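Just so it is clear: chains get the letters A, B, ... in the order the sequence lines come, proteins before strands, and each one is counted from 1. Predicted, not measured: the structure shown is a model, and the values here were computed from it. Keep in mind that the numbers below use all heavy atoms, side chains included, and drop hydrogens, waters and symmetry copies.
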Amino acid sequence: MPELAEVAYYCGCWASGKGAPIKEARINSNVRCVRGLDTKSLIEQLLGRALLSWRTHGKRMLFEFESGLWLGAHLGMTGSLAIRSLDESLEKHDHLALYTDAGWLVFNDPRQFGKLEYYNCPDVPEFWSKLPPEPMIPEFTPDHFASILKRRSKAPLKSLLLVQDLFPGVGNWMADEILWKARIRPDRNAHSLDPREAKKLYRSIRFVCRGALKHIAPNYSDPPRTWLFQHRWKQGGICPRTGEPLERIEVGGRTTCWSPAWQA
DNA sequence: ATGCATGTTACATG
DNA sequence: ACATGTAACATGCA
């Protein structure tokens with residue numbers, strides 16, 4: 001589920017727990033999400049400390065707790081965050097649960113492709129400030145984009161858009177949305193783009209990232225029906241621009257939805 | 001039962 | 001070393 005904007009939404013789900021000291025911490029130490037983690041130490045460190053701040057970068061989330069404890073989270077394919085009220089019980093796959101006066105802050109992930117990490121440092125961990133620019137910010141310039149296209153000229157554009165070091169936060173539905181909006185076939189490669197198409201693709205990336213954040217991040221509402229988003233998974237889905245059937249193909253090992261009459 | 005899933009990565013291949 | 005492709009991971013749902 002979670003891509004750029006869904007991650008931003010889930011990241012905010014613990015907000016009402018801000019400032020509330022953690023009175024109890026539980027971690028399922030036998031799930032894939034915490035493999036290699038010293039869960040005993042993490043639990044000890046969480047106790048008594050309150051959540052101070054949170055931020056996202058692409059599909060990553062980072063939570064700051066008191067006294068220089070930072071909890072990193074990735075939601076994988078099926079992860080989510082929530083607060084469970086104190087009178088309801090925890091749910092299956094609540095792999096991390098932090099008891100506070102505001103409720104249980106939980107990390108839930110049935111498929112366990114998500115990941116939790118922690119860091120001890122007074123300020124934001126070093127690696128965080130070195131992450132590549134997200135597509136919607138000013139630092140993601142046309143020149144930066146051009147250098148990506150030049151360096152990775154042979155991969156199908158659909159695959160390229162999914163590389164997190166290049167387009168942090170873009171996932172399967174966003175990549176399809178971007179290419180549909182730009183009217184470019186998903187199996188084209190960067191080498192085949194003329195300057196006009198490259199410019200169109202750049203603008204589409206920015207439009208989709210910003211639009212997703214605007215529509216989805218505040219309360220998980222769907223983007224408008226003018227987007228491919230609302231049509232892409234339906235059986236017999238119709239392209240909102242042409243009225244013709246959407247098609248599904250596999251590109252770079254991922255299911256890809258596109259509109260043959262619309263994308264060239 | 002079968003096939004598939006909005007993600008990442010270790011490993012294989014060119 | 002670099003770019004790209006494939007399998008594997010663990011669970012739920014149609």
Side-chain angles (χ1 to χ4, degrees), chain A residues 1-11 13 28-37 56-61 72-81 91-96 106-117 127 131-132 134-135 147-181 186-192 205 208-209 211-213 215-217 220-223 227-237 246-258:
Chain A
M1 275 184 1
E3 302 181 19
L4 182 78
E6 292 90 349
V7 170
Y9 166 78
Y10 282 123
C11 190
C13 285
N28 277 353
S29 55
N30 53 348
V31 290
R32 181 188 163 93
C33 309
V34 297
R35 201 175 39 181
L37 202 66
T56 67
H57 182 286
K59 297 173 187 170
R60 301 169 185 253
M61 304 185 292
H74 192 293
L75 297 174
M77 199 86 105
T78 54
S80 63
L81 299 187
E91 293 183 10
K92 194 178 180 184
H93 308 304
D94 281 346
H95 303 314
L96 170 82
V106 303
F107 166 93
N108 183 287
D109 184 8
R111 220 167 139 185
Q112 299 178 37
F113 291 174
K115 201 165 187 180
L116 294 174
E117 288 170 344
F127 81 90
L131 294 169
E134 296 176 284
S147 74
I148 291 173
L149 292 186
K150 192 175 175 187
R151 208 170 124 249
R152 310 287 293 264
S153 63
K154 206 162 170 286
L157 289 168
K158 169 65 185 277
S159 309
L160 199 55
L161 287 166
L162 294 176
V163 177
Q164 296 303 293
D165 289 338
L166 306 179
F167 305 99
V170 174
N172 205 29
W173 80 253
M174 289 181 78
D176 287 353
E177 191 78 45
I178 287 165
L179 290 162
W180 176 78
K181 171 91 181 162
D187 55 358
R188 295 268 300 278
N189 60 36
H191 188 66
S192 77
I205 290 166
V208 170
C209 288
L213 285 168
H215 295 294
I216 299 170
Y220 221 103
S221 344
D222 285 344
W227 287 39
L228 180 64
F229 183 96
Q230 302 242 8
H231 312 269
R232 50 169 297 150
W233 290 122
K234 290 176 192 157
Q235 199 61 13
L246 294 167
E247 227 170 73
R248 289 170 146 203
I249 55 174
E250 186 162 301
V251 181
R254 304 300 300 279
T255 299
T256 297
C257 177
W258 72 297

For this session: Using whole Å, report how far NZ of A/Lys234 lies from P of B/dA5.
Result: 18 Å

Exercise. For A/Ala155, which residues count as a side chain to side chain contact (heavy atoms under 4.5 Å, CB included) partner, sequence neighbours excluded?
Worked result: none

For this session: Check ring pair (Phe, Tyr, Trp, His ring centres under 6.0 Å) between A/His215 and all other residues, then give those that pass, not counting sequence neighbours.
Result: A/Trp227

Problem set entry | Sugar-phosphate, base or nothing in reach of A/Gly171, heavy atoms under 4.0 Å | sugar-phosphate

Problem set entry | Between B/dT6 (P) and A/Trp173 (CH2): distance, integer Å | 13 Å

Seminar exercise, completed: Residue pairs meeting salt bridge (charged side-chain N to carboxylate O under 4.0 Å, His left out), one or both in residues 165-178 of chain A, sequence neighbours left out, come to A/Lys158-A/Asp176, A/Asp176-A/Arg232

Exercise. What distance, rounded to whole Å, do you find between the two C1' atoms, one in C/dT4 and one in B/dT6?
Worked result: 22 Å

Exercise. Given the C1' atoms of B/dT8 and C/dC13, what is the spacing between them in whole Å?
Worked result: 22 Å

For this session: Look at the side chain of A/Gln112 and the backbone N and O of A/Cys33, then say whether any donor-acceptor pair between them is shorter than 3.5 Å.
Result: no

Problem set entry | Touch class at under 4.0 angstrom, heavy-atom based, for A/Gln164 against every strand present | sugar-phosphate

Problem set entry | Under 3.5 Å donor-acceptor, A/Gln164 side chain and A/Gly169 backbone | yes

Exercise. Rounding to a whole Å, what distance do you find between A/Leu75:CG and B/dA5:C1'?
Worked result: 16 Å

Problem set entry | Sequence-distant partners of A/Phe229, ring pair (Phe, Tyr, Trp, His ring centres under 6.0 Å), two or more places apart | A/Trp173

Problem set entry | A/Arg32 vs A/Leu160, nearer the 5' end of DNA chain C by closest nucleotide | A/Leu160

Problem set entry | Residue list, ring pair (Phe, Tyr, Trp, His ring centres under 6.0 Å) with A/Phe113, at least two apart or on another chain | none

Exercise. Rounded to whole angstroms, how far apart are CZ on A/Arg232 and P on B/dC4?
Worked result: 15 Å

Seminar exercise, completed: Taking pairs as Watson-Crick (N1-N3 plus N6-O4 or O6-N4) or G-U wobble (N1-O2 and O6-N3), each distance under 3.5 Å, the stems of three or more consecutive pairs with DNA chain C are B:2-5 with C:11-14, B:7-14 with C:2-9

For this session: Please tell me which of A/Arg35 and A/Arg151 maps to the more 5' nucleotide of DNA chain C, matching each residue to the nucleotide holding its nearest heavy atom.
Result: A/Arg151

Exercise. Among all residues two or more places apart in sequence or in another chain, which pass the side chain to side chain donor-acceptor pair (under 3.5 Å) test with A/Ser221?
Worked result: A/Asn219

Seminar exercise, completed: Here the distance between atom P of B/dG7 and atom CG of A/Leu166, to the nearest Å, is 15 Å

Exercise. What is the distance, rounded to the nearest whole Å, between atom CD of A/Glu3 and atom C1' of B/dT8?
Worked result: 13 Å

Problem set entry | Strand contacts (DNA chain C) in residues 106-117 of chain A, 4.0 angstrom heavy-atom criterion | A/Pro110, A/Arg111, A/Gln112, A/Phe113

For this session: Identify, with sequence neighbours excluded, every residue that meets salt bridge (charged side-chain N to carboxylate O under 4.0 Å, His left out) alongside A/Glu91.
Result: A/Arg84

Exercise. Listed by chain and number, what are the salt bridge (charged side-chain N to carboxylate O under 4.0 Å, His left out) partners of A/Arg32, not counting sequence neighbours?
Worked result: none

Problem set entry | Partner set under side chain to side chain donor-acceptor pair (under 3.5 Å) for A/Ser147, not counting sequence neighbours | none

Exercise. Going 5' to 3' along DNA chain C, which nucleotides are the first and last within contact of chain A (any atom under 4.0 Å from a heavy atom)?
Worked result: C/dA3 to C/dG12

For this session: Pick base, sugar-phosphate or nothing for A/Thr255, based on heavy-atom distances below 4.0 Å to the nucleic acid.
Result: sugar-phosphate

Problem set entry | Plane angle bin for A/Phe107 and A/His95 - parallel if under 30°, tilted between 30 and 60°, otherwise perpendicular | tilted

Exercise. For A/Lys59 and B/dT6, what is the distance between atoms NZ and P respectively, to the nearest whole Å?
Worked result: 10 Å

Seminar exercise, completed: From NE2 of A/His74 across to P of B/dT8 the rounded distance in Å is 4 Å

